[in-house]
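Worksheet: the structure to be examined is printed underneath.
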Amino acid sequence: MKISPLNLISTPIPVLSSLDLRLRVGLSSEDPMVGRHPTEPYDAYLSVYAPEGILLERRRLGQVPPSRRRYFDVSEITASLVPGVDHLAVAHRIPSRLISQGINLEDEIEIEGEPDYSFFRSTVEYSYTEGGNGSVIFETTPNLNSGAPGRSSNTITFTCQTVISDILNTQIVIIHYSVNPAYSKIATYGYALHSQSGDLVASGEVEVAPFSVKRLDLAQIIPQDVIEAHRDPKDGNSSFNFVGYSDDAAFPVLVVNTAPSLGAVSVEHTHPPQTYLMPWNSTYQREAKTAAQRAWRSILSMGGVRS
Amino acid sequence: MSNMLGIASKFIPTQLKPLAKRLYYRDRHPVHPSLKRFGTVQDLYYWVFDGNLDTVLQLQNYFSAFFPALDTATTGTITLFNTNGTALASKQFSVPHQGSSKFRVSELVSDLNIPSHINFGTLEVKMVIPNGVLQHVRSEHALYFWDRFYIGYSNNKGQMCFVHGVDKTHIYHEGSEQSVDWYGTTDSYKWAPEMPLDINDYERFSVIMLNRTANPSNVSLTVLDIHDDSLSWEAEIPAKGVHRFELSSEDTRSLAPSELRMRVEGMPTKFGRPMVFKEFRNGAFSAMHC
């Protein structure tokens with residue numbers, strides 16, 4: 001099959017400079033599942049995009065030798081290119097044996113069979129200076145927003161990973177990336193937040209440019225009096241249920257919980273909804289997802305419903 | 001056999017593949033032979049309550065996300081187990097449509113009279129398929145919901161982090177309280193976490209392994225440095241139990257401390273990979289599935 005070497009193994013990474021979070025990416029030269037691919041050296045590259053989604057630079061980070069792990073400081077590279085603003089970067093790993101054949105990174109190459117690099121993920125690590133770090137591990141899903149005929153791209157997101165207090169805040173980070181460099185769709189992402197009792201407390205829509213990231217700051221989106229009204233007296237935390245959807249694009253979504261005064265940060269991704277469904281008829285996953293998107297659009301266009 | 005099927009499927013036009021799959025699996029579920037008509041699949045999660053760390057469950061009604069126009073109010077059960085997989089106590093809860101239910105394990109331990117010396121173990125959450133959802137999906141041949149919720153952890157400083165579920169442990173057929181094991185056998189897999197480990201960054205670094213099968217499992221954790229020097233630790237994890245490998249820079253002082261790599265062997269299930277808990281000297285913490 002033909003594939004861009006940049007798409008063999010990659011991870012789209014939000015650079016969250018506006019939150020003063022340092023970012024490192026940790027890469028491995030081993031198959032995490034052990035046995036599908038013998039360890040070998042990989043060349044690591046970083047694509048850096050402007051906040052508007054324009055590719056600014058693609059840089060070789062270095063090599064990950066066989067049976068090794070390496071951290072690369074992304075913030076150090078991006079700080080001078082895109083200072084103080086959130087934007088997208090993409091970490092790529094390419095077997096060094098392909099690089100040594102003199103391939104052009106931008107050209108598709110012929111690979112025998114379908115290379116199974118599933119679970120070849122990158123460690124995405126945020127930290128505060130002199131503080132702790134929080135990390136998450138994920139990869140670009142195959143054909144993400146490829147725009148290929150017969151492939152639709154859409155999103156349903158839901159998560160409980162929200163907590164707002166005097167010291168904590170939650171950032172929902174929407175990643176708009178594509179394996180197709182010609183991809184140009186500006187996509188809309190709708191969202192709703194419900195209280196623990198099921199009341200709609202906030203909703204909205206954002207547009208996300210291709211090859212960019214969008215950060216939803218929940219302490220800014222949810223009215224302060226609502227946050228106060230839903231504060232748990234035992235721990236001082238206000239928690240809400242988040243749902244997001246898009247008919248336009250498949251968005252990987254990260255949830256970053258920050259406590260800057262403690263020098264503490266944590267991050268986790270959300271699951272694609274189809275993984276929650278185990279139907280006998282596999283087409284039901286797509287049907288259920290599409291029906292849910294339609295229902296959410298209808299409900300939120302009417303201002304939402306109260307339980 | 002599966003290889004032959006894979007080859008055969010390449011000759012079937014894309015649009016006909018779902019139909020071909022339905023015909024092939026007409027009498028059984030393609031995901032797991034024990035799945036029948038309707039039900040849920042649940043996993044075990046790690047809980048801890050040690051005086052600093054606590055476990056927080058913010059149980060979102062995930063049915064509402066799929067079926068926002070239906071009444072998805074439902075009920076559920078939380079069961080706490082000790083490190084050996086023995087059930088300690090259970091708690092019933094209800095969760096409104098679009099809502100959630102919140103529990104701290106510290107309170108559950110107190111309310112359910114769990115001995116205070118038990119400070120970590122596993123837990124399972126089982127949410128019942130709401131009646132409205134069940135009626136809505138009745139026309140499907142079969143459908144199971146795999147609850148992959150995010151478990152929360154907090155510390156005394158007020159920080160929180162969340163970690164997602166990774167695997168499966170029990171099948172609950174609709175209408176039955178009895179579980180069926182997802183895994184019929186206890187296997188031995190390897191996992192090579194991609195995360196580079198700079199051990200000096202941490203006051204304590206814990207690697208948590210769960211055994212989701214019905215038999216004990218011997219698991220080893222090896223930490224190697226850039227010179228390929230290594231240290232190993234072993235543990236027998238009881239059936240449905242949990243083990244915590246705890247590391248510090250002192251424990252690994254014979255190794256070069258930066259860009260260490262981990263290797264797990266004897267993992268009882270293919271995707272039952274470890275979770276790491278990172279505790280920092282400034283009091284911050286975070287957790288991550290590998």
Side-chain angles (χ1 to χ4, degrees), chain A residues 26-28 30-34 68-71 121-123 130-137 156 158-161 163 165 167-168 194-198 232 235-236 239 241 243 255 257 259 262-266 268 271 273 275-284 288 292 295-296 299 307, chain B residues 14 18 21-22 25 29-31 35 41 58-60 62 65-69 96-102 140-150 154 157-164 190-196 198 201 226 228 259 261 278 280 282-290:
Chain A
L27 303 178
S28 166
E30 291 185 303
D31 174 5
M33 298 180 78
V34 184
R68 282 283 298 277
R69 308 288 181 274
R70 274 194 74 180
Y71 271 122
R121 303 160 300 173
S122 307
T123 305
E130 305 298 320
N133 71 52
S135 56
V136 62
I137 194 158
I156 284 273
F158 53 92
T159 187
C160 65
Q161 304 174 63
V163 58
S165 72
I167 57 169
L168 281 164
H194 290 80
S195 67
Q196 293 190 338
S197 56
D232 182 340
D235 59 16
S239 300
N241 302 308
V243 176
V255 184
N257 278 296
L262 301 178
V265 57
S266 66
E268 180 59 290
H271 289 300
T275 63
Y276 275 71
L277 302 172
M278 294 179 171
W280 177 78
N281 176 1
S282 60
T283 60
Y284 178 78
W296 276 109
I299 288 168
S307 298
Chain B
T14 303
K21 193 173 178 184
R22 287 201 295 277
Y25 286 105
H29 200 290
V31 177
L35 300 184
V41 175
Q58 297 184 168
L59 303 172
Q60 181 177 15
Y62 65 93
F66 286 106
F67 308 101
H97 178 58
Q98 300 296 2
S100 56
S101 226
K102 178 178 174 181
E140 290 300 310
H141 189 80
L143 174 61
Y144 281 72
F145 293 90
W146 177 19
D147 186 358
R148 313 188 67 189
F149 71 91
Y150 308 90
S154 65
K157 290 178 176 286
Q159 196 209 333
M160 272 198 76
C161 76
F162 295 87
V163 174
H164 66 76
K190 295 175 182 173
W191 198 265
E194 299 98 315
M195 175 198 166
D198 290 352
D201 286 353
I226 55 172
D228 291 334
E259 295 182 341
R261 63 188 192 274
K278 313 183 209 180
F280 302 90
N282 73 339
F285 81 107
S286 66
M288 181 186 88
H289 261 298
C290 292

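Sequence lines set the chain letters: A, B, ... in the order given, protein chains first and strands last, and positions in each chain run from 1. All values reported here derive from a predicted model rather than from experimental measurement. Both backbone and side-chain heavy atoms feed into the values below; hydrogens, waters and symmetry mates do not.
- Interface remark: B/Leu35 contributes side-chain atoms only to the contact with chain A (heavy atom separation under 4.5 Å).
- Using cut-offs of 30° and 60° for the angle between ring planes, the B/His164 and A/His271 rings count as perpendicular.
- With a 4.5 Å cut-off on side-chain heavy atoms, B/Met160 and A/Asn257 do not count as touching.
- At least one side-chain heavy atom of A/Leu277 sits less than 4.5 Å from a side-chain heavy atom of B/Phe145.
- Taking both residues in full, the closest heavy atoms of B/Tyr150 and A/Phe158 are given as CE1-O, 3.9 Å, listed atom of the first, atom of the second, then distance.
- Among the candidates A/Thr159, A/Val255, A/Ile167, the residue making the largest number of heavy-atom pairs closer than 4.5 Å to chain B is A/Thr159.
- Only the side chain of B/Glu140 comes within less than 4.5 Å of a heavy atom of chain A; its backbone N, CA, C and O stay farther away.
- Proximity to chain A (any heavy atom under 4.5 Å) is shown, for B/Lys157, by both the backbone and the side chain.
- With a 4.5 Å cut-off on side-chain heavy atoms, A/Asp235 and B/Lys102 count as touching.
- Proximity of B/Ser286 to A/Val265: side-chain heavy atoms (C-beta onward) are nowhere separated by under 4.5 Å.
- A/Glu268 places a side-chain heavy atom less than 4.5 Å from the side chain of B/Val163.
- Between B/Pro68 and A/Ala295, the closest heavy-atom pair is CG-CB, 3.5 Å.
- At a 4.5 Å heavy-atom cutoff, the contact between A/Ile137 and chain B is made by backbone and side-chain atoms alike.
- Ranked by heavy-atom pairs shorter than 4.5 Å toward chain B, the options A/Ser266, A/Ala288, A/Gly131 are led by A/Ser266.
- For A/Ser195, the part sitting under 4.5 Å from any heavy atom of chain B is the backbone (N, CA, C, O) and nothing else.
- Remark: side-chain polar atoms of A/His194 are not paired, donor with acceptor, to backbone N or O of B/His97 under 3.5 angstrom.
- Between the OH atom of A/Tyr276 and the CZ atom of B/Phe66 there is a distance of 7.5 Å, given to the nearest 0.5 Å.
- Judged purely by atom type and a 3.5 angstrom limit, A/Tyr71 uses its side chain to pair as donor or acceptor with the backbone of B/Pro196.
- For A/Thr275, the parts lying under 4.5 angstrom from a heavy atom of chain B are both the backbone and the side chain.
- A heavy-atom distance below 4.5 Å is not found between the side chains of B/Gln98 and A/Asn241.
- Looking at A/Val136, the atoms closer than 4.5 Å to chain B (heavy atoms on both sides) all sit in the backbone: N, CA, C or O.
- Between the side chain of A/Arg69 and the backbone N or O of B/Pro193, at least one donor-acceptor pair lies under 3.5 Å.
- At a threshold of 4.5 Å between non-hydrogen side-chain atoms, the residues A/Val163 and B/Phe162 count as touching.
- Ranked by non-hydrogen atom pairs under 4.5 Å with chain A, the options B/Arg261, B/Gln159, B/Met288, B/Arg148 are led by B/Arg148.
- B/Glu194 places no side-chain N or O within 3.5 Å of a backbone atom of A/Ser28 that could act as its donor or acceptor partner.
- Interface remark: of the candidates B/Ser101, B/Ala192, B/Gly158, B/Gly283, B/Ala192 forms the most heavy-atom pairs closer than 4.5 Å to chain A.
- One N or O on the side chain of B/Gln60 and one on the backbone of A/Cys160 form a donor-acceptor pair closer than 3.5 Å.
- B/His141 places none of its side-chain heavy atoms less than 4.5 Å from the side chain of A/Asn281.
- Atom CH2 of A/Trp280 and atom CG of B/Leu143 lie 13.0 Å apart (nearest 0.5 Å).
- Of the atoms belonging to A/Asp31, it is backbone heavy atoms, and not side-chain ones, that fall under 4.5 Å from chain B.
- Heavy-atom distances place both the backbone and the side chain of A/Leu262 under 4.5 Å from chain B.
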